[in-house]
Structure formats: structure tokens, C-alpha cells
J.: 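Sending over a structure as C-alpha cells; questions will come in a sec.
Reckoned from all heavy atoms, side chains included, excluding hydrogens, waters and symmetry mates.
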Amino acid sequence: MIFHSKNLVQGVSEWELNTDTQTVRHVNPSTGEQERYVFHADHIRYHLHYVEEEKPERLQKLVDEGKIYRYLDELDTKVTDALNDQTELFMTLSVDYRVALATGDLNRVGAIGNMLRLEAQEAVFASMVYA
């Protein structure tokens, strides 16, 4: 779905959000030049589709106010940081992970690390992406 701002610059919306391509387009009112930003993270895609279905007026307001890029950029940073912090915490608390690391069993370290990352992702997404 595409959200267009109400403000027009040279006949086109000043801000535009395409939730399918995770793209924000901005037309600079001073110069008329277009800037395009693409977000590649899965959590941004999931969040956009969730909000699009549950609270589309929230996305429209962010687009209308010209705050959509900053909102998505900050969300990307916060979710990435929270995911990294939560994964690190789970790794610190996991006895199996520490034993595999201490014994040098890299296959087990990788497998447990991936599992802990997915557990962290589930927790972080529930509180930050689907909210």
C-alpha cells in the first residue's frame, strides 16, 4: 500500500511511503529534488505490514507530518540494538552455550547461538515490532 502526504511539491506528494517495497520517498520543497530511502530489515517489513493492517491512520499521520523516515530509522536502530542485547543476555545465561564455547565445539556454539537469536527475536518482535 502507498501512503501519500497531503502536502504537494511540484504536483507530487512531498512524502510517500510504500509498505510493499519498504521505501520512503521525499521531495525537497526547496529544490524539488527527490530522495529515496529503502529499508531492508525484516523487522521493518513486518512492522509496516502490521501497522498497515491494524492502525493505518498512524502511518498516514507520520507521512503527513513528514516524520515517517525518522520513525522507521529510529525503529530500525532500536529493534536491532534490542535484538543484539537480548541475544547477548541469552548467551550469557545459557549453560549449554557457555559449555560449547569452552570446549571449542563451534558447530554447537553456532546452533545454540542461532536458537538463542531466534528466541530473542521472538521476544523483541512481540514488544517492539508488533506494537
J.: According to side-chain contact (heavy atoms from CB on, under 4.5 Å), who are the partners of Met1, at least two apart in sequence or on a separate chain?
T.: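 If we apply the side-chain contact (heavy atoms from CB on, under 4.5 Å) test to Met1, skipping adjacent residues, the hits are Phe3, Thr19, Glu52.
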
J.: Kindly say whether His4 contributes a backbone atom to a donor-acceptor pair with the side chain of Gln60 at under 3.5 angstrom?
T.: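 Checking the backbone N and O of His4 against the side chain of Gln60, a donor-acceptor pair under 3.5 Å is found.
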
J.: What residues, two or more places apart in sequence or in another chain, satisfy salt bridge (Lys or Arg N to Asp or Glu O under 4.0 Å) together with Lys55?
T.: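 Listed in chain order: nothing, the list is empty.
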
J.: When rounded to the nearest 0.5 angstrom, what distance separates CD in Gln22 from OH in Tyr46?
T.: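 Rounded to the nearest 0.5 Å, the CD-OH separation comes out at 9.5 Å.
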
J.: So, for Ala120 and Thr87, which heavy atoms are closest and what is the spacing to 0.1 Å?
T.: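 Taking Ala120 first and Thr87 second, the nearest heavy atoms are CB-OG1, 3.4 Å.
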
J.: Partners of Arg45 by salt bridge (Lys or Arg N to Asp or Glu O under 4.0 Å), sequence neighbours excluded?
T.: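 In terms of salt bridge (Lys or Arg N to Asp or Glu O under 4.0 Å), with neighbours along the sequence ignored, Arg45 is linked to Asp42.
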
J.: Under the side-chain contact (heavy atoms from CB on, under 4.5 Å) rule, collect the residues that match up with Arg70, sequence neighbours excluded.
T.: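 Testing Arg70 for side-chain contact (heavy atoms from CB on, under 4.5 Å), a comparison that skips the adjacent residues, returns Glu74.
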
J.: How many angstroms lie between atom CD1 of Ile2 and atom OG1 of Thr21, to the nearest 0.5 angstrom?
T.: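 Ile2 CD1 to Thr21 OG1: 7.0 Å, rounded to 0.5 Å.
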
J.: Just do the side chain to side chain contact (heavy atoms under 4.5 Å, CB included) check on Val129 and Val124 with the steps written out, would you?
T.: CA-CA 7 Å; Val129 174; Val124 170; 5.6 Å; no

J.: Filter on side chain to side chain donor-acceptor pair (under 3.5 Å), then keep only pairs touching residues 29-39, sequence neighbours left out; what's left?
T.: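 Non-adjacent pairs meeting side chain to side chain donor-acceptor pair (under 3.5 Å): His26-Glu35, Glu35-Tyr37.
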
J.: Evaluate the criterion side chain to side chain contact (heavy atoms under 4.5 Å, CB included) for residue pair Leu83 and Arg117; output intermediate values, then yes/no.
T.: CA-CA 8 Å; Leu83 185 54; Arg117 180 82 172 178; 3.5 Å; yes

J.: When rounded to the nearest 0.5 angstrom, what distance separates CG in Asp64 from CG in Asn7?
T.: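 CG of Asn7 is found 7.5 Å from CG of Asp64.
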
J.: Which other residues end up in the same hydrophobic cluster as Leu89, if Ile, Leu, Val, Met, Phe, Trp and Tyr are linked when side-chain heavy atoms come under 4.5 Å apart?
T.: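 Once heavy-atom contacts under 4.5 Å are chained together, Leu89 belongs with Leu93.
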
J.: Could you give the distance from NE2 (His47) to OH (Tyr71), rounded to the nearest 0.5 Å?
T.: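 Interatomic distance, His47 NE2 to Tyr71 OH, rounded to 0.5 Å: 2.5 Å.
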
J.: Would Leu62 and Leu17 count as a side chain to side chain contact (heavy atoms under 4.5 Å, CB included) if you check the C-alpha gap in whole Å, the side-chain angles of each, and the deciding distance to 0.1 Å?
T.: CA-CA 10 Å; Leu62 288 165; Leu17 168 65; over 6 Å; no

J.: If you link ILVMFWY side chains whenever their heavy atoms are less than 4.5 Å apart, which other residues fall into the same cluster as Val95? By chain and number, please.
T.: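 Besides Val95, the hydrophobic cluster comprises Val99, listed by chain and residue number.
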
J.: Please list, chain by chain and in numerical order, all residues satisfying side-chain contact (heavy atoms from CB on, under 4.5 Å) with Asp81, sequence neighbours excluded.
T.: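 Result, side-chain contact (heavy atoms from CB on, under 4.5 Å) vs Asp81: Thr77.
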
J.: Hydrophobic cluster membership, with links at side-chain heavy-atom distances under 4.5 Å among I/L/V/M/F/W/Y: are Val79 and Val51 in one?
T.: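 Val79 clusters together with Val51.
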
J.: Is the closest side-chain heavy-atom distance between Leu8 and Ser13 below 4.5 Å?
T.: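 With C-beta onward as the side chain, the pair touches.
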
J.: Out of curiosity, Thr92 OG1 to Arg98 CZ, how far, rounded to the nearest 0.5 Å?
T.: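 Answer rounded to 0.5 Å: 8.0 Å.
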
J.: With rounding to the nearest 0.5 Å, note down the distance linking CD1 in Ile44 to CG in Asp76.
T.: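 Here the interatomic distance stands at 4.5 Å.
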
J.: Check whether any side-chain N or O of Arg108 sits under 3.5 Å from a backbone N or O of Asp96 as a donor-acceptor pair, and report yes or no.
T.: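 Looks like no, no N/O pair under 3.5 Å.
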
J.: Who passes salt bridge (Lys or Arg N to Asp or Glu O under 4.0 Å) against Glu14, sequence neighbours left out?
T.: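 With neighbours one apart ignored, the set is empty.
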
J.: Any chance you could lay out the side chain to side chain contact (heavy atoms under 4.5 Å, CB included) test for Asp20 and His49, step after step, and finish with the verdict?
T.: CA-CA 8 Å; Asp20 293 327; His49 288 297; 3.5 Å; yes

J.: Kindly work out whether a path of hydrophobic side-chain contacts (I/L/V/M/F/W/Y, heavy atoms less than 4.5 Å apart) joins Tyr130 to Leu48.
T.: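 They do share one cluster, since a chain of ILVMFWY contacts under 4.5 Å joins Tyr130 to Leu48.
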
J.: Only one of Thr23, Val24, Leu75 passes side chain to side chain contact (heavy atoms under 4.5 Å, CB included) with Phe39; say which it is.
T.: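 Only one of Thr23, Val24, Leu75 forms a side chain to side chain contact (heavy atoms under 4.5 Å, CB included) with Phe39, namely Val24.
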
J.: For Asn114, give me all partners under side-chain contact (heavy atoms from CB on, under 4.5 Å), at least two apart in sequence or on another chain.
T.: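 Asn114 satisfies side-chain contact (heavy atoms from CB on, under 4.5 Å) with no other residue.
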
J.: Report the residues that fulfil salt bridge (Lys or Arg N to Asp or Glu O under 4.0 Å) with Lys67, sequence neighbours left out, ordered by chain and then residue number.
T.: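 Expected list: Glu65.
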
J.: Phe90: which other cluster members, linking ILVMFWY side chains closer than 4.5 Å, directly or transitively?
T.: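 Besides Phe90, the hydrophobic cluster comprises Met91, Tyr97, Leu101, Val109, Ile112, Met115, Leu116, listed by chain and residue number.
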
